[in-house]
Amino acid sequence: MRPLTMPRDSIANGPPAVPVRAAPPMIAIQGVSQTFKTAGRKDHLAISDINLDIADGAFVSILGPSGCGKSTLLYIVGGFVAPTAGIVKVKDKAITGPGPDRGPVFQEFALFPWKTVLGNVIYGLRQQGVPRAEAEERGHKLLAMVGLKGYEAFYPKELSGGMKQRVAIARTLAYNPSVLLMDEPFGALDAHTRTRLQNDLLDIWERDRKTVLFVTHAVDEAVYLSDKVIVMSRSPGRIKKVVDIDLPRPRRRAELLLDVHYQKYVVDIERLIEDAPEDAVHP
Amino acid sequence: MSAVAGDGTATARIGISIAPFAPLLACLGLLAAWQIGALLLGTDSIPTALDALRAVPDILGDRSGLANILDSIRRMAIGLASAVVVSIPLGLAMGRVPAVASFFNPILMVTYPVPKAALMPVIMLWLGVGDLSKTLVIFLAVTLPIIYHSFEGAKAVEEKMIWSGAAMGMSRLQIMARIVLPAALPEILAGCRTGLVLALITMVTSEMIARKSGAGNILFNALDMGQYDTVFAMIIIIGALGIIFDAAFDRLRRALVAWSDTRQDIPLSFS
C-alpha cells in the first residue's frame with residue numbers, strides 16, 4: 001500500500017503509538033468460507049477460502065458481480081453472519097459476534113423510524129451510557145459534519161434517501177468504531193446524490209482515517225475511494241485479484257476523472273470483471 | 001359498529017366540510033332509521049329510539065345500574081391490561097425466536113377458532129360466577145389477536161435494523177426491548193385495537209352466561225322481564241362505550257406512532 005501522506009488526526013487516534021514490532025493488521029480474514037442451504041436443500045458455496053489482511057486506516061473496497069458473496073463477506077466481518085469455516089480477527093482478536101468496534105452502514109439505511117434524526121445518531125452513545133447532554137452535543141457536531149445541521153428534529157420518513165444515508169453514517173460514526181463496514185451504501189441513491197455522498201465520505205474519512213471496508217459493484221466508485229480494490233469472482237466467491245490504487249490523496253473528483261492513471265485503473269478492473277464467467281446466475 | 005364506520009367513510013368522501021361530523025351524522029342517521037322502523041312496526045318488543053334514549057339516564061342515574069356498568073368496565077380493563085402484558089412479550093419472542101414460534105404456533109392454531117365465551121361454563125365450574133371467571137374469559141379472548149399482531153410485527157422488523165443495534169453493543173434482550181418492540185409498535189397497536197373491541201364483546205357475553213353483575217346482566221335481566229326500553233337503552237350504552245373506548249385508543253395510538261409511515265386513518269373516531 002502507498003504510504004499515507006496525510007498526518008493522522010491525533011484526537012481521534014490518541015497520541016502516536018511507539019512502533020514496537022510490525023503492527024498486526026486491523027482486520028485479518030483467515031480461510032473464511034460460507035455455505036448456504038438453497039431452496040432445493042443443496043449446499044451452495046457462497047464464498048470460498050478468503051484470506052485477506054486489511055491495514056489500520058486503509059480504505060478497502062470489495063468489488064464484484066452480484067452474487068459473488070461480497071456482502072456476505074462484509075456481514076461475516078461484522079459478526080452478523082457466522083462463517084462456515086475460517087476466522088476473522090480484528091486487532092488480533094478473533095470476533096465472536098457484532099461489536100461497537102465495527103460499525104455497519106447498510107444500503108437500506110436501517111434507521112430507527114421511531115427516533116428523530118438526532119435520536120438515531122445518539123442511540124448508540126446512550127446505549128453505552130454516555131449522558132444525554134454529552135451525547136447530544138456529539139450528535140449535533142456529527143450532523144453538522146454530514147451536512148444535516150437543522151434536521152435534528154426530523155423523522156426518517158421525512159428525509160430523502162441521500163439524507164437518510166447521511167444520518168446512518170453519522171449514527172455509526174457516533175460510537176467511534178475502529179472499522180466502518182459499508183454495504184453498497186450508495187447503491188440505492190440517484191447518480192447525483194451518489195457523487196455528493198462519495199465526495200463527502202472522502203472528506204470525512206480524511207479527518208480521522210478510520211479503516212473502511214466498502215462493498216460496491218461500481219468500478220469507478222471503488223477506484224475513486226479506495227487504497228485497495230479486492231476484485232472477486234463468483235460461483236463460488238473468491239478473491240480474483242487485489243489491486244492497489246496508487247493515486248494521490250486527498251482526491252478531487254474533477255481532477256481524477258481526467259487522470260489517465262485513474263482511467264487505466266477503471267478500465268483494467270472492468271476487464272478483470274468481464275472475464276468472469278457469466279453462465280452461473282445466482283439470485 | 002362496522003355499519004357506522006362504513007357510513008362514516010361514505011359521508012366523508014362527499015365533502016371535506018362535513019367530514020369531521022361524519023361519524024356523528026351516521027349515528028343520527030342510524031337512530032332516525034330506528035325511530036321510523038319502530039314506529040312502522042309498532043310492536044312492543046322494539047321500542048322507538050326516543051323511548052330507548054329516554055331510558056338511558058334512568059340506568060345511568062340509578063346507583064346499582066351505574067355500579068353494574070362500572071363493574072363491567074373494571075373487568076374489561078383488567079382482562080385487557082393483563083392480556084397486553086402477557087401477549088406482547090410472547091408475540092415478540094415468537095417473531096424473533098423460531099423455537100418459541102414452533103412451540104406456541106400449534107397451540108394458538110388450535111385455540112384460535114374456539115369462541116372464548118364458550119369456555120365460560122367450564123371456567124365457571126372451577127372459578128365460580130364471580131369476577132375471576134369473567135376477567136379470565138376476557139383475557140383469553142383478547143390475547144390471541146395481540147399475540148398474533150405482535151408476532152407479525154416482530155417478524156417484519158428489518159434484519160439490518162437489528163444488526164445496527166447489535167453493532168452498538170446491545171444484548172438480545174435489549175434489542176427486543178429497544179428495537180423490536182418500538183419497530184413493531186404500529187402492528188402491536190393494531191392488535192390491541194382489535195383486542196379492545198373483542199374485550200367489550202366478551203365482557204357482555206360473559207355476563208350473559210354468568211349473570212351476577214355488569215352491563216350484560218342488566219341487559220339480559222331486562223330482556224327476561226320484558227323491559228324492552230331498558231334492553232335497548234343498554235345496547236345504546238354498550239355501543240357508546242365501544243365508540244368512546246375506540247376513539248380514545250385511536251388518539252393514544254396516533255400519538256404513539258406518529259413517526260410511522262403507514263398512517264392508518266380510521267373513519268370511526270371522533271378525535
Side-chain angles (χ1 to χ4, degrees), chain A residues 71 74-81 95-117 119-130 135 153-159 167-169 171-181 183-185 188, chain B residues 88-89 91-92 95-99 102 149-150 152-193 250-265:
Chain A
S71 289
L74 191 87
Y75 301 157
I76 290 171
V77 175
F80 309 121
V81 173
I95 62 155
T96 54
D101 55 340
R102 285 151 289 142
V105 175
F106 298 108
Q107 183 177 0
E108 303 89 339
F109 321 127
L111 296 178
F112 306 132
W114 63 94
K115 285 279 170 192
T116 60
V117 165
N120 265 280
V121 174
I122 68 169
Y123 214 61
L125 292 175
R126 298 287 294 141
Q127 164 67 25
Q128 287 164 8
V130 176
F154 281 58
Y155 279 94
K157 70 167 177 181
E158 298 164 317
L159 304 180
V167 177
I169 291 170
R171 180 179 70 175
T172 300
L173 290 175
Y175 52 91
N176 200 21
S178 313
V179 181
L180 274 183
L181 301 174
D183 180 24
E184 301 200 39
Chain B
I88 294 176
L92 294 182
R96 296 311 316 178
V97 188
S102 334
H149 280 273
S150 307
E152 289 292 324
K155 247 195 335 192
V157 178
E158 217 185 319
E159 194 79 51
K160 308 268 163 81
M161 211 190 276
I162 289 168
W163 289 0
S164 298
M168 289 172 183
M170 289 187 189
S171 67
R172 289 195 68 159
L173 209 62
Q174 283 173 323
I175 287 173
M176 276 297 211
R178 299 196 57 205
I179 291 180
V180 178
L181 175 66
L185 198 61
E187 188 66 32
I188 293 171
L189 292 180
C192 291
R193 190 161 191 232
D250 196 48
R251 278 213 160 178
L252 178 73
R253 186 189 65 81
R254 279 175 201 233
L256 286 174
V257 297
W259 50 267
S260 174
D261 271 332
T262 48
R263 247 223 153 88
Q264 305 151 300
D265 275 316

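Numbered from 1 within each chain, the chains take letters A, B, ... in sequence-line order.
- Remark: Ile179(B) CD1 to Tyr123(A) OH distance equals 6.0 Å, nearest 0.5 Å.
- Taking 4.5 Å as the limit, every side-chain heavy atom of Trp163(B) sits out of range of all side-chain heavy atoms of Pro98(A).
- A cation-pi arrangement, defined by a distance under 6.0 Å to the six-membered ring centre and an angle within 45 degrees of its axis, is absent between Arg178(B) and Phe112(A).
- No part of Glu159(B) comes within reach of chain A, as not one of its non-hydrogen atoms sits under 4.5 angstrom from that chain.
- Of all non-hydrogen atoms in Arg102(A) and Ala167(B), the two that sit nearest each other are O-CB, 3.8 Å.
- Only the backbone of Leu111(A) comes within contact range of chain B, judged by heavy atoms closer than 4.5 Å.
- The structure places CE of Met168(B) at 8.5 Å from CD of Gln127(A), a figure rounded to the nearest 0.5 Å.
- Taking 4.5 Å as the limit, every side-chain heavy atom of Pro104(A) sits out of range of all side-chain heavy atoms of Lys160(B).
- Comparing Ala166(B), Pro182(B), Gly169(B) by how many heavy-atom pairs each has under 4.5 Å with chain A, the most go to Pro182(B).
- Closest non-hydrogen pair, Ser164(B) versus Phe106(A), comes out as OG-CE1, 3.6 Å.
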